Amino acid sequence: MSEPPCHEASMETLPEVPQQLEPLIRQIGPALYELGQGFREDMRVPARIVADSELLQQMVQDRSVPQLVNVTTLPGIQGFAIGMPDMHEGYGFPVGGVAGTALPDGVISPGGIGFDINCGVRLLATGLRHEDVKEVLPKVAHDLARSIPTGFGRHGRLSLAPEQMDRVLTEGVPYLVDVLGLGTPEDVDYLEARGCLDGADTAKVSVRAQERGHDQLGTLGGGNHFLEVQRVERVLDSEAAPALGLFEGQLTVLIHTGSRGLGHQVCTDAVRTMDRALAREGIQLVDRQLACAPLSSAEGQDYFAAMCAAANFAWANRQVLTYRVREVFRRWFGDRSAAWPRIVYDVAHNIAKLEPHGGQRLCVHRKGATRAFGPGHPELPAAYHQVGQPVFIPGSMGTASFVLVGKEAAEAISLSSACHGAGRRLSRAASKRQVVGSELRAALNRQGIAVECPSNAELAEEAPLAYKDVDRVVDVVEAAGIARKVARLVPLAVLKG
DNA sequence: ATGTGC
């Protein structure tokens with residue numbers, strides 16, 4: 001319950017080795033460290049961190065490592081708690097944390113999923129070459145900004161009637177496509193879980209949550225959410241890139257957003273309910289923010305049903321945003337097939353999934369972590385069976401993003417999970433103290449990046465210096481054997497809150 | 001992350 005310390009991390013003051021962790025942390029593989037159960041008495045399993053020494057040094061600057069150790073105390077946790085190379089402090093759980101719990105004692109913890117349920121990333125790819133459209137791109141970006149509301153508390157053009165909300169929450173993207181016509185049947189094939197989790201029950205989503213979400217489909221939100229028009233700068237795997245339909249010079253769109261106020265309210269409701277239940281049962285947690293309940297309990301089941309509904313809402317949100325992008329692209333580039341933004345894939349990075357691992361059915365919490373199934377996994381679309389599941393790692397604003405594909409080895413290393421981004425290095429406040437938003441805007445423009453963001457303060461908080469080096473983070477994921485790099489994408493235009 | 005906070 002202690003307040004997160006506000007670090008003014010500067011590289012000069014970083015210790016050479018993470019002394020707090022020596023000698024209990026040891027390297028056990030390429031880019032893989034383990035913190036044994038000897039570190040703290042209450043650990044049920046070891047903690048593992050995918051990192052190099054530089055990233056490890058950055059991690060010990062905040063509370064994320066102790067938070068990961070706290071995760072190892074959760075009832076029913078199996079194997080180890082896993083930290084990704086972009087790990088940083090979060091609510092209870094670190095962002096960039098993975099944990100699998102097993103029935104019957106296994107718990108589900110809303111803090112292990114995050115406030116923005118099914119925050120995730122969707123990549124769209126056109127057949128357009130950047131070369132051929134570069135002159136109009138600033139105008140396209142401006143049109144996108146007019147069509148897509150960004151920022152805190154904004155609402156969209158779509159307002160769902162209660163019956164429609166009910167169907168979005170239970171049926172997800174297939175409802176938007178089949179009934180509302182906001183996409184094509186092929187779209188659904190290229191979404192994690194086909195854009196719908198089965199376990200949703202709208203009776204478990206509070207009226208307040210549904211009210212908050214009713215006009216938020218097709219909105220981006222604030223914080224680190226964004227929509228970026230990009231160019232495939234470099235193909236890094238000449239076999240995998242064509243399998244995903246990617247080529248150098250190609251125009252792509254990356255969408256990063258989640259379940260907006262609806263998911264936030266679902267999390268808030270569940271944390272409160274579980275906190276009360278813990279008090280009632282006399283259960284003491286190491287951190288109250290790790291409020292949880294056995295998945296088999298009424299509280300656990302109710303939260304799971306509400307989380308599934310919120311996840312479906314988030315996929316629907318990214319689907320409506322895709323529809324908006326398609327409308328704008330059609331206006332500027334016409335009806336030809338090359339102008340059609342096809343969905344490469346859509347992945348969640350704040351979610352819990354019931355998955356078999358090592359012959360056991362686990363509730364896998366991924367918070368700021370992306371599922372990364374290897375080739376041949378039955379959940380992958382047929383076109384990606386050979387190559388593996390696409391994983392998208394956005395960098396910070398103005399820097400590169402990566403496309404990777406999951407490897408089979410990820411199952412044993414990280415319950416088939418990869419990182420989700422560059423990872424924050426500085427707090428928002430610290431970043432704002434060091435960066436002048438208007439100057440950053442000018443610098444991005446000088447780089448040829450069109451910036452559609454009304455708030456200079458928001459820009460300063462999301463400045464590249466507030467984030468870890470995405471190239472390093474991705475290299476570590478590859479070195480660990482979790483996923484392999486396929487392509488490097490660079491920004492051309494960015495929409496932010 | 002969030003109609004930002006018990």
Side-chain angles (χ1 to χ4, degrees), chain A residues 1-4 6 62 64 67 86-97 109-121 149-156 159-160 165 205-227 255-276 279 288-289 291 306-307 310-311 313-315 317-318 321 348-352 365-370 394 396-397 420-424 426-429 431-432 453 455 457-459 461-462 466-467 495-497:
Chain A
M1 293 304 291
S2 60
E3 279 300 300
C6 188
D62 67 23
S64 56
Q67 284 185 331
D86 55 342
M87 183 166 81
H88 58 98
E89 188 174 315
Y91 179 89
F93 256 66
V95 178
S109 173
I113 287 136
F115 273 85
D116 190 6
I117 294 165
N118 191 4
C119 186
V121 185
T150 62
F152 182 66
R154 293 292 303 277
H155 62 84
S159 181
L160 298 176
M165 175 59 91
V205 181
S206 67
V207 172
R208 196 171 177 196
Q210 297 196 42
E211 278 173 355
R212 283 180 69 171
H214 86 277
D215 59 358
Q216 290 187 318
L217 279 188
T219 66
L220 212 47
N224 63 0
H225 289 165
F226 65 82
L227 183 149
I255 299 169
H256 177 207
T257 188
S259 51
R260 308 287 286 103
L262 185 141
H264 190 274
Q265 191 62 46
V266 165
C267 184
T268 302
D269 292 343
V271 166
R272 189 168 304 157
T273 306
M274 288 183 183
D275 189 65
R276 283 195 194 127
R288 219 171 149 186
Q289 293 186 352
M307 183 213 69
F313 186 80
W315 274 308
N317 187 27
R318 294 196 285 276
L321 288 165
H349 56 226
N350 274 9
I351 202 161
H365 297 68
R366 292 192 182 92
K367 180 186 191 178
T370 309
S396 53
M397 193 170 34
H420 85 307
R424 220 168 229 292
L426 294 185
S427 71
R428 293 181 169 277
S431 182
K432 217 162 20 177
C453 176
S455 159
E458 194 78 32
L459 276 183
E461 290 183 0
E462 291 296 320
Y467 284 86
L495 268 68
K496 287 194 66 68

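Being a predicted model, the structure only gives us computed values, none of them experimental. Chain naming here is simple, since letters A, B, ... match the order of the sequence lines and numbering starts at 1 in each.
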Nearest whole angstrom, please: distance from the [atom2] of [N] to the [atom1] of [X].
| X | N | atom1 | atom2 | answer |
| --- | --- | --- | --- | --- |
| A:Glu458 | B:dT2 | CD | P | 9 Å |
| A:Gln216 | B:dT2 | CD | P | 8 Å |
| A:Asn317 | B:dT2 | CG | P | 10 Å |
| A:Leu220 | B:dT2 | CG | C1' | 14 Å |
| A:Glu461 | B:dT2 | CD | C1' | 13 Å |
| A:Lys432 | B:dT4 | NZ | P | 16 Å |
| A:Phe313 | B:dT2 | CZ | C1' | 13 Å |
| A:Asp269 | B:dT2 | CG | P | 16 Å |

> Hey, mind stepping through A:Lys367 and A:Ile113 against side-chain contact (heavy atoms from CB on, under 4.5 Å) and telling me if it holds?
Replying inline: CA-CA 5 Å; A:Lys367 180 186 191 178; A:Ile113 287 136; 5.9 Å; no
> For A:Ser64, which residues count as a side-chain hydrogen bond (donor to acceptor under 3.5 Å, both in side chains) partner, sequence neighbours excluded?
Replying inline: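 Partners of A:Ser64 under the side-chain hydrogen bond (donor to acceptor under 3.5 Å, both in side chains) test: A:Asp62.
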>> Just to verify, what does A:Asp215 make a side-chain hydrogen bond (donor to acceptor under 3.5 Å, both in side chains) with, not counting sequence neighbours?
In response: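 So A:Asp215 forms no side-chain hydrogen bond (donor to acceptor under 3.5 Å, both in side chains) with any residue.
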>> For the CD atom of A:Gln216 and the CZ atom of A:Phe313, what is their distance to the nearest 0.5 Å?
In response: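 It comes to 6.0 Å.
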Base, sugar-phosphate or nothing for [X]? Non-hydrogen atoms, less than 4.0 Å.
| X | value |
| --- | --- |
| A:Arg428 | sugar-phosphate |
| A:His155 | nothing |
| A:Gly114 | nothing |
| A:Gly222 | sugar-phosphate |

